[in-house]
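Note that the coordinates shown come from a computational prediction; the quantities given were computed from them, not determined experimentally. Hydrogens, waters and symmetry mates are skipped; everything else that's a heavy atom, side chains included, is used.
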Amino acid sequence: MMLVTSGAVAFGKQRLRHEILLSQSVRQALHSGQNQLKEMAIPVLEARACAAAGQSGLMALYEAMFTQYSICAAQILVTNLDFHDEQKRRNLNGTLHELLRMNIVPIVNTNDAVVPPAEPNSDLQGVNVISVKDNDSLAARLAVEMKTDLLIVLSDVEGLFDSPPGSDDAKLIDIFYPGDQQSVTFGTKSRVGMGGMEAKVKAALWALQGGTSVVIANGTHPKVSGHVITDIVEGKKVGTFFSEVKPAGPTVEQQGEMARSGGRMLATLEPEQRAEIIHHLADLLTDQRDEILLANKKDLEEAEGRLAAPLLKRLSLSTSKLNSLAIGLRQIAASSQDSVGRVLRRTRIAKNLELEQVAVPIGVLLVIFESRPDCLPQVAALAIASGNGLLLKGGKEATHSNRILHLLAQEALSIHGVKEAIQLVNTREEVEDLCRLDKMIDLIIPRGSSQLVRDIQKAAKGIPVMGHSEGICHMYVDSEASVDKVTRLVRDSKCEYPAACNALETLLIHRDLLRTPLFDQIIDMLRVEQVKIHAGPKFASYLTFSPSEVKSLRTEYGDLELCIEVVDSVQEAIDHIHKYGSSHTDVIVTENEKTAEFFLQHVDSACVFWNASTRFSDGYRFGLGAEVGISTSRIHARGPVGLEGLLTTKWLLRGQDHVVSDFSEHGSLKYLHENLPVPQRNTN
């Protein structure tokens, strides 16, 4: 690594001003008395003198910083003339290579103590020559001379914007290509140093032409921008990357804009038109079944040996799955008839002043899903029904399946000219980078492992995330449970689809049931189903030879494994759920209605059931048609999130020249605040 730095002139100016103030104050104190100190004028300091005085201080600062990491630094001062003298160029090249060979960091600066003033308009002189008049051009020249892999130009803004940062509609340019200069409006030059962003861009393009990759990024706010240098080296999306190769398709930012505009057009369609799109998509799922299953087969073949069995099961599509999807989509189409634009509340504020609260789309949704291609048409249908734009990011293990399902979604959308409302992100965009698009995305919905959800919740800054990080579902078997019901409920909850987030993970059994025929039946059924049992601490204490003791009572197995623990009462079961559960889905099995109602009212989870399988926690089974996920959040939507959870509201006020001053103490109008009847929903 080489470092090109400024700061010598500023360092020297500070030092010289201090010296001048000190000497003047001493002289004036001797001759004129203390009262004259305030009138001292500091002379204009010559830049070369400042540079000469500041070089040692600047280098001492770098030495102190690098010494903490046991790294040696060396100073090299150059001028523009050094690059025009072939012998000096060779000497410089040799010196730099020798320092780098010894793991010494060269700190390079222009020798401002002797350098002549920069010549105007001499920045670029052909392909092989760049005039060194500031640190940007010096860094570019050195990068090409030394054949460096990467040039990082740090600025006080996030990167290159299409117009001066801070101006209206200024957008960060993630990738800049030669020839794009015409699309950029540059502002004034930097307050310090010689150059501004225009100088940085010219230097970057010159270095790019010389074979060096370039990134311009913000280096001034490490708490905001993070470890900017290591982030860039690791390939994270930071700043503006200069590239000579344009990608074939649109960037994710362009896709976000297309989803936004397409979503707004979608929201303006009549409900019947949105329903027609969803019906068409449902038909395509069955009509194009063979093509979909062929694409899915390719994904399964490529994933064989790389994915665990539960994930392979999630990845797999079948004729029955597609038929179920089509049925669910038609349910969504039916429920979408009265969603967007539905009046929720009407109030007469005053005479001829009426207020309405209506349901509207959230905006642009980003749905990130793993190994679940059947998620794509479900989420697409819900987005269409709710009038939301949609960005989809699927796992690479389902590439072929996702591609054909997205094409079918766009084919359905095109019947009413809103094809671009749903976008599939195919670029190698990291999830962390997508979560930074806070100006384009209004809500993130993760569908996948608990680790994926946690990573997204951590990465999303300024964008709300709807979902659950874990599905630790409990079933409490009460002392008054029915023998006939328990084994059926436990088998269905655990064994029907163990990889699902609503599968049973912990079975709580009342102490009085131990060593009873009911308990034996549960254990025998689990053995037949080949479920591995983990004993909780209390359960293990009752057994002479117990199964392996559980490592953690807060575990989502996602497989044929189950934790069994013993409790003394329904209250202890509730306390256990609150301590170790994930507020997803929890069940009580009992014939005592009073105990059941106590459980239903006191368990603080998104879904709480009585004598029903945990697997009912699902948008399709709830009659929502489908779901975008199950939320354990306490704001906006909770439990299986269907169409209603993808809507927000806005207020419409219709008046006739009404002003607030008319309602003051001495005004002519009074507030009425009368509730008005709301148009009835179509519930068919």
Side-chain angles (χ1 to χ4, degrees), residues 278 282 285 310-311 313-318 320-336 365 367-383 385-386 445-450 452-453 466-475 488-506 556-559 581-589 600 603 605-633 636-646:
I278 299 168
L285 288 179
L311 292 178
K313 191 173 181 182
R314 285 187 181 187
L315 179 60
S316 174
L317 291 175
S318 63
S320 61
K321 263 192 184 181
L322 293 175
N323 289 338
S324 295
L325 279 172
I327 293 168
L329 263 57
R330 293 188 180 100
Q331 284 183 351
I332 294 170
S335 62
S336 71
L365 314 175
V367 179
I368 302 167
F369 54 101
E370 295 176 322
S371 307
R372 287 285 297 272
D374 56 328
C375 172
L376 194 152
Q378 286 181 344
V379 173
L382 286 167
S386 57
I445 304 171
R447 298 285 305 269
S449 66
S450 56
L452 171 76
V453 180
M466 181 190 288
H468 63 279
S469 58
E470 293 170 304
I472 304 172
C473 303
H474 291 74
M475 181 177 287
R488 272 172 51 82
L489 291 172
V490 173
R491 180 190 288 111
D492 189 77
S493 297
K494 179 71 254 185
C495 309
E496 198 263 343
Y497 188 5
C501 66
N502 57 11
L504 177 64
E505 302 295 5
T506 298
E556 182 180 12
Y557 298 104
D559 207 344
S582 60
S583 302
H584 191 295
T585 301
D586 299 293
V587 175
I588 182 171
V589 184
L600 293 174
V603 171
S605 294
C607 300
V608 189
F609 302 160
W610 172 23
N611 288 349
S613 168
T614 60
R615 297 279 290 119
F616 278 104
S617 182
D618 175 83
Y620 173 72
R621 296 178 184 120
F622 276 17
L624 306 178
E627 64 184 31
V628 290
I630 295 178
S631 173
T632 53
S633 169
H636 183 64
R638 200 173 185 208
V641 181
L643 177 57
E644 295 289 328
L646 299 182

Do the non-hydrogen side-chain atoms of Glu556 and Ile472 ever get within less than 4.5 Å of each other? yes

With side-chain contact (heavy atoms from CB on, under 4.5 Å) as the criterion, how do Val641 and Glu627 come out once you've worked through the C-alpha distance, each side chain's angles and the decisive distance to 0.1 Å? CA-CA 5 Å; Val641 181; Glu627 64 184 31; 5.6 Å; no

State, to 0.1 Å, how close Leu285 and Ala326 come at their nearest heavy-atom pair, and which atoms those are. CD1-N, 4.3 Å

Please give me the minimum heavy-atom distance between Asn611 and Val589, naming the atom from each residue. OD1-CA, 3.2 Å

Which pair of heavy atoms, one from Leu489 and one from Met475, lies closest together, and at what distance? O-CE, 3.7 Å

Evaluate the side-chain proximity of Tyr620 to Ile327: yes if any heavy-atom separation is below 4.5 Å, no if none is. yes

Can you see which heavy atom on Ala385 is nearest to which on Ile332, and at what distance? CB-CG2, 3.7 Å

How long is the gap from CG on Leu646 to NE2 on His636, to the nearest 0.5 Å? 7.0 Å

For the side chain of Ser582 and the backbone of Glu470, is there at least one donor-acceptor N/O pair under 3.5 Å apart? yes

Main chain of Ala606, side chain of His584: is a donor-acceptor contact present, judged purely on distance under 3.5 Å? no

Rounded at 0.5 Å granularity, tell me how far OH in Tyr557 sits from NZ in Lys494. 8.5 Å

Grab the two heavy atoms, one from Ser493 and one from Thr614, that are nearest each other, plus how far apart they are. OG-N, 3.1 Å

Under a plain distance cut-off of 3.5 Å, with no hydrogens placed, do Asp492 and Ser613 share a side-chain donor-acceptor pair? yes

Glu505 side chain to Gly558 backbone, donor-acceptor under 3.5 Å: yes

Tell me, yes or no, whether the heavy-atom count around Arg621 atom CZ, taken from other residues, nucleotides or ligands under 6.0 Å, exceeds 12. yes

So, do Ile630 and Cys501 sit near enough that their side-chain heavy atoms are less than 4.5 Å apart? yes

Any chance you could measure His474, atom NE2, to Thr506, atom OG1, to the nearest 0.5 Å? 4.0 Å

Find the distance between SG (Cys473) and CG (Asn502) and round it off to the nearest 0.5 Å. 6.0 Å

Beyond-backbone contact of Cys607 with Phe616, side-chain heavy atoms, under 4.5 angstrom: no

Indicate yes or no: at least one non-hydrogen side-chain atom of Val628 is less than 4.5 angstrom from one of Leu365. no

Could you check if a side-chain atom of Thr585 sits within less than 4.5 angstrom of a side-chain atom of Ser605, using non-hydrogen atoms only? no

Between Lys313 (side chain) and Pro498 (backbone), is there a donor-acceptor pair under 3.5 Å? no

Measure from the side-chain N and O atoms of Ser631 to the backbone N and O of Ala637, and report whether any donor-acceptor pair falls under 3.5 Å. yes

Distance (rounded to the nearest 0.5 Å) between Arg447 CZ and Leu376 CG: 11.0 Å

If you round to the nearest 0.5 Å, how far is CG of Leu325 from SG of Cys375? 10.0 Å

For residues Thr632 and Ser583, report the shortest heavy-atom separation together with the two atoms involved. CG2-O, 3.2 Å

